[in-house]
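Written below as structure tokens is the structure these notes are about.
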Amino acid sequence: MGHDATPPAPVPEREFDLVVVGSGAAGLTAAVTAAAHGLAVLVVEKDAVCGGATAWSGGWIWVPCNRLARADGVVEDRALPRRYLEHELGREFDATRVDALLEHGPAMIDFLETRTALQFVSGTAIADIHGGTPGAGTGGRSLAPRPFDARRMKRSLLAITRAQKAETALFGMGIMAGPDLQRFLHATRSARAFWHVAARLARHAVDLVVHGRGLQFVNGPALVARLIVSADALGVGIRVSTPAVALHREGGAVRGVIVQSGGRRDTIRARRGVVLAAGGFAHDARLRSELVARVPGGGVAWALPPPAVDGDGIRLGQAAGGRLFADVASPIAWCPVSVVRYRDGSTGLHPHIVDRGKPGIIGVLANGRRFCNEADGYHDYVTAMLAAIAPGAEVASWLVCDHAFQRRYPFGLSKPFPFPVRPYVASGYLERAPTLAALAHACGIDVDGFVATVDAYNRGARRGEDPAFGRGSTRFNRGSGDADHGPNPCVAPIERPPFYAIKVLPGSFGTFAGLATDASARVLDGTGAPLDGLYAVGGDQANVMGGHYPAGGINLGPAMTFGYVAARHAAGS
């Protein structure tokens, strides 16, 4: 060949030890674990960016008995969280998989903190949701990723990292649950909080001008970014815009994937197998409709994950003989959402996480009556709504507050003082009225029932009590409230006009039904036998919680733990 000849284009590698389908927390944890154990690993991602639903989440993970909790003085035997899950899950309690979760979760945290760029902050103050259940934790079982300065990322990696979800950001900047959020809420009441917020916003403005996007990653984006950096450092290949369209089998074993990329199909061999981690079926209207008949389309229109999370991994597993396991308490991980309509005609979804526990807000149905303790978990709120509404009626509720609440706390997408409330009213996102009766009429709520409900609530609230639902009675409730408000951080009267309401619908963070797996995350066939070379983790795996939601982080905690377990099994470790 002459010196002036053009060298041939490099041929993409087509053989690895392990191929991971999907790039959320479950898939990336599997990838970095396998690579650290000496395997050649490839991640294939259908979307143009990595992160899946994880990147739009709060990033919290539930891992009892972890090293950060111990360092904070929260030392407990594994039998205690096991007891909690046994009571919470009831007939859905799978002892073998629960024991695997509790055994390997702390080891997964140890591995990630010592061998990768993923570092955590402790959730010492975050209690399990149902404090009255035997074995419930009062803190230390949940963790979150440390904030990450994305200026440290290679440009090529930053380009494939999903941005913060717009509806959960402030000018595109994420706010981390805990001290960061508290300082934003107290910015007009504390000089220290004010300067913290000012510094964050100033840095964000510089990033927008210089880099075109915010680079102070917190929550889910920080979790994904740290895992991507770790994967790159360990030599993991990541190919975006590369959907897996079929599994490659050899002699009955799964030994690779067939991918679609650049207008062609390629077979990528995987000597040790394939990990399905495509995120579940949040946007699969057919499957959701089959499993959730109460909600039109199974509620797919109100699913919070990115649209690409549409059941690919589960379909691949089923085509290979894997069994869909849907015998769970709930096939969906519910979350109340409100619909945001933008000027260009597009819509977004806001998850109601922060506002429901604050003092001075209640949720009511079309009959004007409350139906739950609003400060309980987001999954609990929607399941209570589903249980309270008669079949055939619209599944919806309204969160209601007064002017004092709206000026002090976030109320859905609307921001407190000094941000104006008028744009949210003008767009129709908020209903506003000078009286409770007028507000009910505007929302289509039974006027007499609503006025009577607020009157009854206010009588108790003026004493800091909630006789109807015991709001503020658990540590989880109180952690969601306002510590500066007494005597009950979750209860205040609704009496200062004007009054506001937001219509809330049954949204979801993800799905609980999925491929049946064993304690090693191997996919099981119809007889209960594992399929050689095929693993499922995260949303593609039937969730170990059996469709229950006992604590914050019970999606990502098991997802990452079983990603770690699957990788170690594939590595023979």
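Remember, it's a predicted structure, so these values are computed and weren't measured experimentally.
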- Message: Check the orientation of Phe148 and Phe217. Use parallel for under 30°, tilted for 30 to 60°, and perpendicular for over 60°.
- Response: tilted
- Of all heavy-atom pairs linking Gly298 and Ser289, the shortest is N-OG, 3.7 Å
- Do Arg269 and Glu15 sit within salt-bridge range, that is, some charged N less than 4.0 Å from a carboxylate O? yes
- Message: I'd like to know if the side chain of Ser508 pairs up with that of Arg288 as donor and acceptor (distance under 3.5 Å, no hydrogens or angles considered).
- Response: yes
- Message: Any heavy-atom pair between the side chains of Pro106 and Ile109 that's under 4.5 Å?
- Response: no
- Is a salt bridge present between Arg82 and Asp77, judged by a nitrogen-to-oxygen distance below 4.0 Å? no
- Message: Restricting to side-chain contact (heavy atoms from CB on, under 4.5 Å), what partner residues turn up for Ser261, sequence neighbours left out?
- Response: Thr242
- Between CG of Asp310 and CZ of Arg315, what distance do you get to the nearest 0.5 Å? 5.0 Å
- Message: List the residues meeting side-chain contact (heavy atoms from CB on, under 4.5 Å) with Asn543, not counting sequence neighbours, and say none if there are none.
- Response: Phe512, Met545, Asn555
- Glu103 and Arg78 ion-paired at < 4.0 Å: no
- Heavy-atom side-chain proximity of Leu505 to Val395 below 4.5 angstrom: no
- Task: If the plane angle is over 60° it's perpendicular, under 30° parallel, otherwise tilted; pick one for Phe509 and Tyr378.
- Result: perpendicular
- Task: Kindly give the heavy-atom pair with the smallest separation between Asp525 and Arg323, and that separation in Å.
- Result: O-NE, 3.6 Å
- Taking 4.0 angstrom as the limit, do Glu45 and Arg239 come out as a salt bridge? no
- Task: Answer yes or no: is there a side-chain heavy-atom contact under 4.5 Å between Val537 and Leu276?
- Result: no
- Item | Sub-4.5 Å side-chain heavy-atom contact between Val544 and Phe562 | yes
Side chains of residues 227-235: which donor-acceptor pairs under 3.5 Å do they make with residues two or more places apart or in other chains?
{"unit_1": "Ser230", "atom_1": "OG", "unit_2": "Ala117", "atom_2": "N", "d": "2.9"}
{"unit_1": "Ser230", "atom_1": "OG", "unit_2": "Arg226", "atom_2": "O", "d": "2.7"}
{"unit_1": "Asp232", "atom_1": "OD2", "unit_2": "Lys154", "atom_2": "NZ", "d": "2.8"}

- Task: Considering non-hydrogen atoms only, spot the tightest contact between Ala329 and Gly547 and give its length.
- Result: CB-O, 3.7 Å
- Task: State whether Arg162 and Asp47 are salt-bridged, where the test is any N-O pair (Lys NZ or Arg NE/NH1/NH2 against Asp/Glu carboxylate O) under 4.0 Å.
- Result: yes
- Task: Please determine, by modelled atom types, if Trp60 and Asn219 share a side-chain donor-acceptor pair under 3.5 angstrom.
- Result: no
- Item | Cationic N near anionic O, under 4.0 Å, Asp266 to Arg14 | yes
- Decide yes or no on side chain to side chain contact (heavy atoms under 4.5 Å, CB included) for Val523 and Tyr535, but give the supporting numbers first. CA-CA 5 Å; Val523 175; Tyr535 304 87; 5.6 Å; no
